[in-house]
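Only a predicted model underlies this, so the values are computations on that prediction, with no experimental measurement involved. Keep in mind that the numbers below use all heavy atoms, side chains included, and drop hydrogens, waters and symmetry copies.
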Amino acid sequence: MAIAALSSSAGAAAPTYSVSANGGFISLSALNLIGLTGAGSSSSAGSGAATTASGTGLCLTVSVSSSTCPNTTNASSSDVINTTANASAASGPGTSSNPAAKCLIPPLSLVLVSLQAACGTASASNDSNGMPTATGEGNLAKLTVGLGALPGAGSLLGNGALCGSSSALNSSTGASTGLVSSLLGAVNSLLSVTGKSPLANSASSPLDSICSILSGLTSQLPLVGGLLSNATASTNLLTVNVGDSTSSETTSTAANGDTLVTSTATTQGVEINLLNLVDVKLLPNTVSVTMDTTTGLVNSAPTAVTGVLSIQAGSSAPSTIALPDLSSVLSNLLNSLGLSGLINPTLTTVAESATTWAPDHTSASAESADLKLDLLDGLVVLNLGDAKVSASGAAAEAPAIITSPSVAAPAAAPAATAAAVVPGVTTVHTGEFWAGSLAPILAGGMVLAGASLIARRRILSVARSVLLRRHR
């Protein structure tokens, strides 16, 4: 007899995920000799993998291969220029990487203007739970106009509001704590050294008039008045970015408690930010995908937007004018000009916006690009404003049931086999002729046999006597 099989449950395999983002304002590969990346970025994260990010201001190489730009941001011996910052935080909680920015022209301050060119920045980290945050950014040029670029502006003006808090604009005490008061005090100090009369006296202060104007702006134009009343020496008056891309990985928590990682890539031709009030972007492209790391699935559709213009006021959501896919227009134009043989139509797109999402939600991708051009069978490849993201995962597997084989019981001594029951025969016979019910049966048989023999002799004797009498 077999003993019942034993079973146990092994631990369930945890869900896994992998996400990545890539962006580039311009990418060129020509004749396998010239490789160019301008304003490139990348980021990635995943289960058991390092969290990485890179930002490239400018990379130029004279020998194109899979290990050189524009195919990678890693430095190579054939690079002429490579301003790439790479960050990599090892897998696990509490790790981080924050390399210094790399620029062709480091930030340079000229009076009120700060200028930098071809800069790449990157940072990567994992929180106490091992969840990732990464950002890589590259830009061709950035110009900033602000009081912060003025040498000594911070110490001269302090970091207070122009007229104190906006709620104190109507009071002289509110005015006296602001930047206007600080600046006026510095001017009066210089005038007193030269023996000149101060600009303000105790009887009448121009601050009252200035801050009264600001008060009116605050009440009539809250957006402008609020900005002026709370502007500081570090406030940028104007920021202009030319050619920029950003790739990022961010962690958040869903309403049901699941941990989400969102991969985003953006590119833009020009960005103009005025006083942090209005942000205008030309040719803004954005793609995004979110992975639920708790389930290993992409539970929402990826997004891709190819834009021509984006306007954002304050902290409100930006309004974007999107471009339709114009790939067919380009193909028709080249066909009409008899130039269709120059390009590969399957690899050439204009204002592309494409997304994929697996039916089982284990993978998704999105891509947006202003222009992707493939000429002369791949000898010239040009990409403008290309942004793409991808995500893949695997759901947790059910616990494995481990069953041990059946174990046979040790063989027992064979039991005596019961003999077939025969009517009139003892069930168990020990072998002796007198045992059981066999003896009486045999005895009875012997008596009958003896009686038949005696009767036979008697009958034969009578028969002989009768025969003899007849012969006489």
Does the pair V289 and V287 meet the rule for a side-chain contact (heavy atoms from CB on, under 4.5 Å), with working shown? CA-CA 7 Å; V289 64; V287 291; over 6 Å; no
Give the intermediate values and the outcome of side-chain hydrogen bond (donor to acceptor under 3.5 Å, both in side chains) for residues T84 and T56. CA-CA 4 Å; T84 298; T56 300; 2.8 Å; yes
Pair L115, I105 - check side-chain contact (heavy atoms from CB on, under 4.5 Å), show working. CA-CA 8 Å; L115 176 67; I105 300 178; 5.7 Å; no
Derivation of the salt bridge (charged side-chain N to carboxylate O under 4.0 Å, His left out) call for K372 and E367: CA-CA 11 Å; K372 295 174 67 176; E367 184 171 10; 3.0 Å; yes
Report the C-alpha separation of L382 and I26 in whole Å, then their side-chain angles, then the decisive distance to 0.1 Å, and conclude whether the side-chain contact (heavy atoms from CB on, under 4.5 Å) test is met. CA-CA 8 Å; L382 173 65; I26 182 170; 4.2 Å; yes
Could you check L384 against F25 for side-chain contact (heavy atoms from CB on, under 4.5 Å), going step by step and ending with a plain yes or no? CA-CA 5 Å; L384 294 176; F25 174 66; 5.7 Å; no
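Taking CG of L58 as the reference point, atom SG of C103 lies at 11.5 Å (rounded to 0.5 Å). Expressed to the nearest 0.5 Å, how far CG of L60 lies from CD1 of I34 amounts to 7.5 Å. T266 contributes atom OG1, which lies 9.0 Å from atom CG of N285 (distance to the nearest 0.5 angstrom). Here N82 contributes atom CG and L104 contributes atom CG; the two are 11.0 Å apart, rounded to the nearest 0.5 Å. Distance check: S248 OG to E137 CD gives 10.5 Å after rounding to the nearest 0.5 Å. Note that the CG atom of N256 and the CG atom of L260 stand 7.5 Å from one another [nearest 0.5 Å].
In the model, S42 has no side-chain atom that pairs as donor or acceptor with a side-chain atom of S247 under 3.5 Å. The closest side-chain donor-acceptor pair between S44 and T52 falls under 3.5 angstrom. Of the N and O atoms on the side chains of S245 and S41, at least one donor lies less than 3.5 Å from an acceptor on the other residue. Side-chain atoms of S390 and S20 include a donor-acceptor pair closer than 3.5 Å.
Residues passing the side chain to side chain donor-acceptor pair (under 3.5 Å) test with T61, sequence neighbours excluded: S78. Contacts of L375 classified as side-chain contact (heavy atoms from CB on, under 4.5 Å), with partners at least two apart in sequence or in another chain: I343, L373, V380. For S365, the side chain to side chain donor-acceptor pair (under 3.5 Å) partners are T356, not counting sequence neighbours. Considering only residues two or more places apart in sequence or on other chains, T239 meets the side chain to side chain donor-acceptor pair (under 3.5 Å) condition with none of them. Residues passing the side-chain contact (heavy atoms from CB on, under 4.5 Å) test with S47, sequence neighbours excluded: T16, Y17. In this structure, the side-chain contact (heavy atoms from CB on, under 4.5 Å) partners of S97, at least two apart in sequence or on a different chain, are A87, P99. By the side chain to side chain donor-acceptor pair (under 3.5 Å) test, T250 pairs with no residue at all, sequence neighbours left out. Looking at residues two or more places apart in sequence or on another chain, you find a side-chain contact (heavy atoms from CB on, under 4.5 Å) between D279 and E271, N273, K281, Q312.
Pairs engaging residues 243-259 under the salt bridge (Lys or Arg N to Asp or Glu O under 4.0 Å) rule: none recorded [sequence neighbours left out]. The ring-ring contact (aromatic ring centres under 6.0 Å, His included) pairs that include a residue from residues 353-376 are W357-H361, where partners are two or more places apart or lie in different chains.
Side-chain contact between T133 and T51 is absent, with no heavy-atom pair separated by less than 4.5 Å.
Among all heavy-atom pairs drawn from T251 and P132, the shortest one is OG1-O, 2.5 Å. Considering every non-hydrogen atom in both P15 and T293, the closest pair reads CG-O, 3.6 Å. Of all heavy-atom pairs spanning K142 and N241, the tightest one is CG-OD1, 2.9 Å. Of all heavy-atom pairs spanning A53 and A122, the tightest one is O-CB, 3.6 Å.
Remark: I81 CD1 is packed, more than 12 non-hydrogen atoms of other residues, nucleotides or ligands lying under 6.0 Å away.
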Please list every donor-acceptor pair under 3.5 Å in which a side-chain atom of residues 299-310 meets a protein atom from a residue at least two apart or in another chain.
from, atom 1, to, atom 2, distance (Å)
N299, ND2, D292, OD2, 3.3
T306, OG1, E352, O, 2.6
T306, OG1, S353, OG, 2.7
T306, OG1, S368, OG, 2.4

Output side-chain donor-acceptor pairs under 3.5 Å for residues 88-95, partner residues at least two apart or in another chain, one line each.
from, atom 1, to, atom 2, distance (Å)
T95, OG1, A90, O, 2.6
T95, OG1, G92, O, 3.4
T95, OG1, N126, ND2, 2.9

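For the side-chain contact (heavy atoms from CB on, under 4.5 Å) criterion with T290, the lone passing option out of V298, V389, T262 is T262.
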